[in-house]
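Beneath this line is the structure, given in structure tokens, with notes to follow.
Given the structure is predicted, the values throughout are model-derived calculations rather than measurements.
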Amino acid sequence: MSATPALRRGRGRRPAEEVRAEVLAAAARLLIAEGMRAVTFERIAHAAGASKTTLYKWWPSPAALAAEAYYRESETLLSFPDTGDLHADLVAQMTAFLGLLTHGGAAGPVSELIGAAQTDRDLGETWSRVYGLPRRELARERLRSAQAQGELPADADIDIMIDQLWGACYHRLLVLKVPLDDLDVERLVTAAMRGAGAARGGARNADEPPAPAP
């Protein structure tokens, strides 16, 4: 039985953006299915019908390519809703994020990427630039919108809110290594909004007694 040959593209040169998109899609498939060990320039080039020379020109390492591929794969799913209800939007976004990790197969690859980024300078720079900082800025934009709409006080520390919300997820994933399904997203969001002084922060838990005054 012979292996299925790689798809040949013919003599016409594809636009660079098309090649890049196919390379990232191939890398994301390998990353989610098999983990970082599968993300090699040789395998990705074969899967995407691209040359290894092109990959070496665009990315400093397969790990850096994996980081960008994960961002592209998760970008649409993790888009930040703005329905005018901050509590609901935070719950929806965090539920999507946890779903990607737990049911979408990303928990292992993300743990590998973050772990490797601690000692791999190229990966660390790429992860921060193409994933970590852009994701944080999306959260900032949504929280700034909530401030403008009066759902959060103007002096609310939105960076601390972000640390509280997503930090809880990464702490469970990387440090405690406990099931993410156990995280009560509703309570986490309510607590973060209350801490920021949001007027509606406790609206989801009306039966809960008010916190004592400090």
Side-chain angles (χ1 to χ4, degrees), residues 17 20-21 24-25 27-29 31-32 66-107 109-111 113-114 117 125-174 179-208 210-211:
E17 283 305 308
R20 190 180 186 92
L24 289 168
R29 288 193 299 271
L31 177 67
I32 298 299
E68 185 172 347
Y70 173 72
Y71 174 73
R72 291 293 184 91
E73 182 72 8
S74 64
E75 186 176 13
T76 301
L77 178 64
L78 299 184
S79 60
F80 222 119
D82 189 347
T83 66
D85 183 337
L86 179 61
H87 189 285
D89 291 348
L90 287 172
V91 169
Q93 207 284 335
M94 296 196 68
T95 299
F97 174 58
L98 292 173
L100 176 62
L101 293 175
T102 56
H103 307 299
V110 168
S111 298
L113 283 165
I114 294 174
E125 187 278 331
T126 303
W127 178 261
S128 177
R129 174 175 52 83
V130 306
Y131 182 79
L133 292 176
R135 295 296 321 163
R136 190 175 184 89
E137 187 56 32
L138 285 174
R140 282 194 185 116
E141 288 175 4
R142 180 63 188 91
L143 294 177
R144 291 190 194 110
S145 174
Q147 286 179 315
Q149 297 300 318
E151 285 194 282
L152 283 179
D155 62 351
D157 193 329
I158 60 177
D159 280 305
I160 290 296
M161 282 190 69
I162 293 168
D163 290 341
Q164 288 176 313
L165 293 169
W166 285 272
C169 302
Y170 285 112
H171 184 67
R172 286 170 179 257
L173 175 68
L174 301 172
L180 294 171
D181 286 336
D182 292 345
L183 180 59
D184 190 326
V185 175
E186 289 269 352
R187 288 179 61 197
L188 178 62
V189 170
T190 295
M193 290 184 64
R194 280 180 174 168
R200 297 181 60 198
R204 304 291 169 165
N205 288 301
D207 295 333
E208 185 177 290

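Residues passing the side-chain contact (heavy atoms from CB on, under 4.5 Å) test with Arg142 are Phe80, Asp82, Leu86, Asp89, Ser145, Ala146, Glu151, sequence neighbours excluded. Here Arg135 pairs with nothing under the side chain to side chain donor-acceptor pair (under 3.5 Å) rule; sequence neighbours left out. Residues passing the salt bridge (Lys or Arg N to Asp or Glu O under 4.0 Å) test with Glu73, sequence neighbours excluded: none. Thr76 meets the side chain to side chain donor-acceptor pair (under 3.5 Å) test with no other residue; sequence neighbours excluded. Residues that satisfy the side-chain contact (heavy atoms from CB on, under 4.5 Å) test with Glu141, not counting sequence neighbours, are Glu137, Leu138, Arg144. Looking at residues two or more places apart in sequence or on another chain, you find no ring pair (Phe, Tyr, Trp, His ring centres under 6.0 Å) involving Tyr71. For His171, the side-chain contact (heavy atoms from CB on, under 4.5 Å) partners at least two apart in sequence or on another chain are Val175, Leu176. Here Asp159 pairs with Arg136, Arg140 under the side chain to side chain donor-acceptor pair (under 3.5 Å) rule; sequence neighbours left out. Qualifying side-chain contact (heavy atoms from CB on, under 4.5 Å) partners for Ala107, counting only residues two or more places apart in sequence or in other chains: Leu101, Leu173. Scored by the side chain to side chain donor-acceptor pair (under 3.5 Å) test, Gln147 finds no partners at all (sequence neighbours excluded).
In this structure, CG in Leu133 is found 11.5 Å from CH2 in Trp127, a value given to the nearest 0.5 Å. Annotation: the span from Leu143 atom CG to Ile160 atom CD1 amounts to 12.5 Å, rounded to 0.5 Å. Between the CE atom in Met193 and the CE atom in Met161 there is a gap of 6.0 Å [rounded to 0.5 Å]. The CD1 atom of Ile32 sits 7.0 Å away from atom OH of Tyr70, with the distance rounded to the nearest 0.5 Å. Atom-to-atom distance recorded for Asp182:CG and Thr102:OG1 is 11.0 Å, nearest 0.5 angstrom. From Trp166, atom CH2 reaches atom CG of Leu98 across 10.5 Å, with rounding to the nearest 0.5 Å.
Between Leu180 and Cys169, the closest heavy-atom pair is CD2-O, 3.7 Å. Here the shortest heavy-atom pairing between His87 and Val189 reads CD2-CG1, 3.8 Å. Nearest heavy atoms, Pro153 versus Gly197: CG-O, 3.3 Å. Taking every heavy atom of both residues into account, Ala66 and Leu113 meet most closely at CB-CD2, 4.0 Å. Taking both residues in full, the closest heavy atoms of Leu100 and Ser74 are given as CD2-CB, 3.6 Å, listed atom of the first, atom of the second, then distance. Here the shortest heavy-atom pairing between Pro109 and Leu31 reads CG-O, 3.3 Å.
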Checking side-chain contact (heavy atoms from CB on, under 4.5 Å) for the pair His103/Asp181: CA distance, chi angles, key distance, verdict? CA-CA 10 Å; His103 307 299; Asp181 286 336; 3.9 Å; yes

Take Val110 and Ile114, measure what side-chain contact (heavy atoms from CB on, under 4.5 Å) needs, and give me the verdict at the end. CA-CA 6 Å; Val110 168; Ile114 294 174; 3.7 Å; yes

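Surrounding CD of Gln149 are at most 12 heavy atoms belonging to other residues, nucleotides or ligands under 6.0 Å away.
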